[in-house]
Amino acid sequence: QVHLVESGGGLVQTGGSLRLSCAASGGSFSRYAMGWFRQAPGKERELIGAIIPNGASVYYPDSMKDRFIISRNNAINTMYLQILSLKPEDTAVYYCNAGEKLHYVVVGEPLLAPWGQGTQVTVSP
């Protein structure tokens, strides 16, 4: 089973930035499309963006364009999320997951890993 561990979250002030990491094991990382998701209290989990296996192309929904940058380093089985110009509404638990195709990640099924604990991002005013 694919196992993913998110890290890098924390408490930051409005306007700051963070770089989150997603470390993978238990599968063939370079074969998988990957994605970042977030879930704020009382809200549904939402897609931030998805990256193809070789990292050459990234899909972001219109609502996530400009401030989020997804990248990956297949040599160390790690995907990254850089968040710029953080806002209080970015406060959420951030998760990663994997799929056999980019489309599976974009639509949220089928995914290859169970949802883990994620990493908490809290943005103060």
Side-chain angles (χ1 to χ4, degrees):
Q1 185 179 40
V2 177
H3 180 62
L4 304 172
V5 178
E6 302 93 343
S7 64
L11 175 64
V12 296
Q13 296 183 26
T14 296
S17 63
L18 280 174
R19 191 193 195 203
L20 311 183
S21 296
C22 172
S25 62
S28 184
F29 181 77
S30 63
R31 292 181 55 236
Y32 306 143
M34 300 288 298
W36 282 100
F37 304 78
R38 69 181 183 183
Q39 187 168 28
K43 297 184 179 179
E44 293 186 349
R45 183 179 287 111
E46 63 179 343
L47 175 72
I48 298 169
I51 187 168
I52 67 171
N54 70 6
S57 181
V58 184
Y59 168 81
Y60 305 96
D62 287 345
S63 62
M64 298 295 177
K65 295 184 184 299
D66 297 329
R67 296 191 300 113
F68 301 90
I69 304 173
I70 295 171
S71 60
R72 64 193 294 164
N73 185 343
N74 288 350
I76 58 170
N77 294 347
T78 302
M79 177 180 62
Y80 303 100
L81 174 65
Q82 186 178 16
I83 314 174
L84 307 176
S85 189
L86 280 155
K87 304 175 180 179
E89 52 262 44
D90 294 323
T91 296
V93 179
Y94 285 69
Y95 303 89
C96 60
N97 217 310
E100 295 282 359
K101 298 180 179 180
L102 182 73
H103 179 69
Y104 297 165
V105 178
V106 171
V107 303
E109 60 181 359
L111 298 177
L112 296 176
W115 295 109
Q117 292 186 329
T119 185
Q120 176 74 51
V121 172
T122 303
V123 184
S124 63

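All residue numbers refer to positions in the sequence shown, counting from 1. Reckoned from all heavy atoms, side chains included, excluding hydrogens, waters and symmetry mates. Predicted model only: the values in this text are computed from it and were never measured.
Note that OG of S63 is 8.5 Å distant from CZ of F68, once rounded to the nearest 0.5 Å. A distance of 14.0 Å separates CG of L81 from CZ of R72, quoted to the nearest 0.5 Å. Put simply, CG on L111 and CE on M34 are 10.0 Å apart, with the number rounded to the nearest 0.5 Å. Between the CG atom of L20 and the CD atom of E6 there is a distance of 9.0 Å, given to the nearest 0.5 Å. Residue L84 holds its CG atom at 8.0 Å from CG of L86, rounded to the nearest 0.5 Å. Between atom CD1 of residue I83 and atom OG of residue S17 there is a gap of 9.0 Å, rounded to the nearest 0.5 Å.
Between L4 and N97 the shortest heavy-atom distance is CD1-CA, 3.4 Å. Residue A98 comes nearest to Y32 through the heavy atom pair CB-CB, 4.1 Å, listed as atom of the first residue, atom of the second, then distance. In terms of heavy-atom proximity, V93 sits nearest to Q117 at CG1-O, 3.4 Å. Closest approach of D90 and R38 over heavy atoms only: OD1-NH1, 2.9 Å. Across all non-hydrogen atoms, the minimal contact from S30 to P53 is O-CB, 3.2 Å. Nearest heavy atoms, V2 versus A113: O-CB, 3.5 Å.
Applying the ring pair (Phe, Tyr, Trp, His ring centres under 6.0 Å) test to residues at least two apart or on different chains, the pairs with a partner in residues 100-125 are F37-W115, Y95-W115.
With contacts defined as side-chain heavy-atom distances shorter than 4.5 Å, the pair P88/T14 qualifies. Looking at heavy atoms from C-beta onward, S71 lies out of side-chain contact with Q82 at the 4.5 angstrom threshold. At a threshold of 4.5 Å between non-hydrogen side-chain atoms, the residues Y60 and R67 do not count as touching. Within the 4.5 Å cutoff, side-chain heavy atoms of L18 are placed close to those of V121. Between L47 and P61, the closest side-chain pair of non-hydrogen atoms falls below 4.5 Å. Side-chain atoms of W36 and I70, non-hydrogen and from C-beta on, do get closer than 4.5 Å to each other. Using a 4.5 Å heavy-atom threshold, the side chains of M79 and I51 count as touching. Q120 has its side chain within reach of T91: a pair of non-hydrogen atoms, C-beta onward, lies under 4.5 Å apart.
More than 12 heavy-atom neighbours from other residues, nucleotides or ligands sit within 6.0 angstrom of NZ on K65. Within a 6.0 Å sphere centred on CD of E89, heavy atoms belonging to other residues, nucleotides or ligands number more than 12.
In terms of hydrophobic clustering, with Ile, Leu, Val, Met, Phe, Trp and Tyr side chains grouped at heavy-atom distances under 4.5 Å, I52 and V106 are assigned to a common cluster.
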